[in-house]
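Below is one structure, written out as structure tokens; comments come after it.
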Amino acid sequence: MTTDIELGVALNDAFLEASPRRRRDLLARMEDAGLDHLTVGDHISFHGGVGFDGFVAASTALATSDTLNVLMGVYLAGLRHPMATARQLATVGQIAPGRLTLGVGVAGEDRREVANMGVDPASRGRRMDETLEVLRRLATGETIDHEGEFFRLEGASILPAPQPRVPIVIGGGGEVAVRRTVEHGDGWLGMWCSARRYAATHRQIVDGFAAAGREGPTFAGLNIWVGLGADAAAARAALGERMSALYNLPPEKFQHISAAGTPDDVAAFVAPYVDGGARTITLIPVAGSTDAAIELSGQVRERLRALAAVR
């Protein structure tokens with residue numbers, strides 16, 4: 001376990017629905033708490049219509065803060081045309097060079113969301129692979145031709161190419177995520193997994209990069225829901241209620257892959273993931289208020305770095 005740990009938070013609606021003045025205040029509080037990044041998600045029409053656009057959210061945060069990085073975790077790139085996504089990456093690269101990391105996912109939790117975008121849910125994995133291939137080629141600034149299962153490009157280019165290139169990291173789990181990361185990604189963004197599973201997947205990816213003759217991975221991330229508060233039972237109950245409302249599943253489904261309690265409790269839960277290779281950690285916090293969530297998340301970061309220093 002090393003001390004090179006970055007820790008940020010996902011504030012979601014609390015950030016997006018705030019007034020401009022309140023957004024500035026929230027990001028300033030994150031900076032004061034020592035947090036490294038804001039993570040934003042992306043959904044087009046999730047479980048009945050909710051969601052927000054990842055690039056709009058990321059651009060808003062990057063334009064509001066001069067220093068905080070933004071992780072998009074994850075963007076449903078397979079539901080968009082890669083030319084449009086490449087243009088968005090190039091534009092953000094001009095606005096805030098070097099401050100965005102793009103995490104991508106295949107959108108499997110709500111099949112209706114996929115189908116309503118004109119994408120066959122059964123093809124979403126293949127479509128994602130082809131999208132990633134095109135995005136990486138377009139990121140070079142070269143003019144490309146491409147003839148694939150889903151996209152046909154002739155003399156396509158996106159200029160200016162982002163400098164530095166926006167890292168692309170792969171969300172998901174299992175063998176497919178390992179393969180996709182090794183073939184197309186700069187690293188892996190894990191979620192919904194135990195610390196043991198995280199460590200095993202991270203090791204597979206490291207070995208896969210070596211076998212492919214690739215340097216890296218340069219990113220090893222973890223998104224994890226946490227309930228923060230002095231009363232662990234109350235924090236767990238609030239966390240379960242929030243997650244159940246969002247994912248339409250009972251709280252027990254999330255108990256073993258989420259943490260609740262004081263910053264010490266949460267840091268102790270997250271520490272085995274760091275031992276397993278996680279370095280860019282996003283807490284999705286549930287607390288008494290957004291301000292409290294930010295402050296307590298900053299304390300989790302301090303505790304994790306203190307634990308790293310003594311191991």
Side-chain angles (χ1 to χ4, degrees), residues 6-10 12 37-44 46-47 51-55 57-58 69-80 82 85 88-89 100-111 113-114 117 119 121 123-136 166-195 197-206 208-209 216-226 243 246-247 254 257-258 270 273 276-284:
E6 295 183 1
L7 190 141
V9 295
N12 299 324
H37 65 270
L38 175 72
T39 292
V40 299
D42 175 73
H43 271 294
I44 296 161
F46 187 61
H47 284 318
F52 52 84
D53 185 272
F55 269 101
N69 293 330
V70 172
L71 166 64
M72 211 182 309
V74 292
Y75 184 66
L76 305 185
L79 303 188
R80 277 84 164 200
T85 301
Q88 290 173 305
L89 288 172
L100 175 69
T101 297
L102 177 68
V104 298
V106 295
E109 296 166 321
D110 185 349
R111 296 295 182 94
E113 178 179 41
V114 179
M117 285 296 290
V119 174
S123 73
R124 67 190 195 279
R126 301 194 311 277
R127 187 181 176 98
M128 175 63 81
D129 286 337
E130 188 173 339
T131 294
L132 292 170
E133 177 188 348
V134 172
L135 286 177
R136 295 193 74 87
V166 176
I168 298 178
V169 300
I170 310 301
E175 297 298 326
V176 173
V178 171
R179 176 193 59 76
R180 189 169 287 135
T181 301
V182 171
E183 291 181 359
H184 301 293
D186 295 292
W188 176 56
L189 178 59
M191 192 172 180
W192 311 122
C193 62
S194 67
R197 173 55 59 191
Y198 186 96
T201 302
H202 177 69
R203 173 45 55 190
Q204 284 182 281
I205 290 168
V206 170
F209 267 66
T218 58
F219 179 97
L222 171 72
N223 287 3
I224 185 168
W225 280 86
V226 300
M243 296 183 73
L246 180 61
Y247 295 107
F254 311 108
I257 51 172
S258 60
V270 174
Y273 291 89
R279 291 297 177 267
T280 301
I281 298 157
T282 295
L283 305 184
I284 310 172

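As the structure is a prediction and not an experimental result, all values here were calculated from the model.
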- Query: Does Ala57 have any side-chain contact (heavy atoms from CB on, under 4.5 Å) partners at least two apart in sequence or in another chain, and if so, which?
  - Reply: Leu16, Val40, Phe52

- Message: Determine whether a donor-acceptor pair (N or O, by modelled atom type, separation under 3.5 Å) exists between the side chain of Ser123 and the backbone of Arg126.
- Response: no

- Listed by chain and number, what are the side-chain contact (heavy atoms from CB on, under 4.5 Å) partners of Glu133, not counting sequence neighbours? Arg137, His146, His184

- Note on the structure: Those residues at least two apart in sequence (or on a different chain) that pass side chain to side chain donor-acceptor pair (under 3.5 Å) with Arg127 are none

- Note on the structure: Hits for side-chain contact (heavy atoms from CB on, under 4.5 Å) against Asp186, two or more places apart or cross-chain, chain-then-number order -> Arg136, Arg165, Pro167, Ile168, Arg214, Thr218

- Item | Partner set under side chain to side chain donor-acceptor pair (under 3.5 Å) for Asn69, not counting sequence neighbours | none

- Query: Excluding sequence neighbours, so at least two apart, what forms side-chain contact (heavy atoms from CB on, under 4.5 Å) with Ala220?
  - Reply: Tyr198, His202

- Task: Could you list the residues that satisfy side chain to side chain donor-acceptor pair (under 3.5 Å) with Thr85, not counting sequence neighbours?
- Result: none

- Note on the structure: Taken in chain and number order and not counting sequence neighbours, the residues that satisfy salt bridge (charged side-chain N to carboxylate O under 4.0 Å, His left out) with Asp53 are Arg80

- Query: What residues, two or more places apart in sequence or in another chain, satisfy side chain to side chain donor-acceptor pair (under 3.5 Å) together with Arg203?
  - Reply: Asp207

- Item | Interatomic distance, Ile281 atom CD1 to Leu71 atom CG [nearest 0.5 angstrom] | 12.0 Å

- Item | Under the salt bridge (charged side-chain N to carboxylate O under 4.0 Å, His left out) test, residues paired with Arg179 that sit two or more places apart | Asp129, Glu183

- Residues at least two apart in sequence or cross-chain that pass ring-ring contact (aromatic ring centres under 6.0 Å, His included) with Phe55, listed by chain then number, are Tyr75

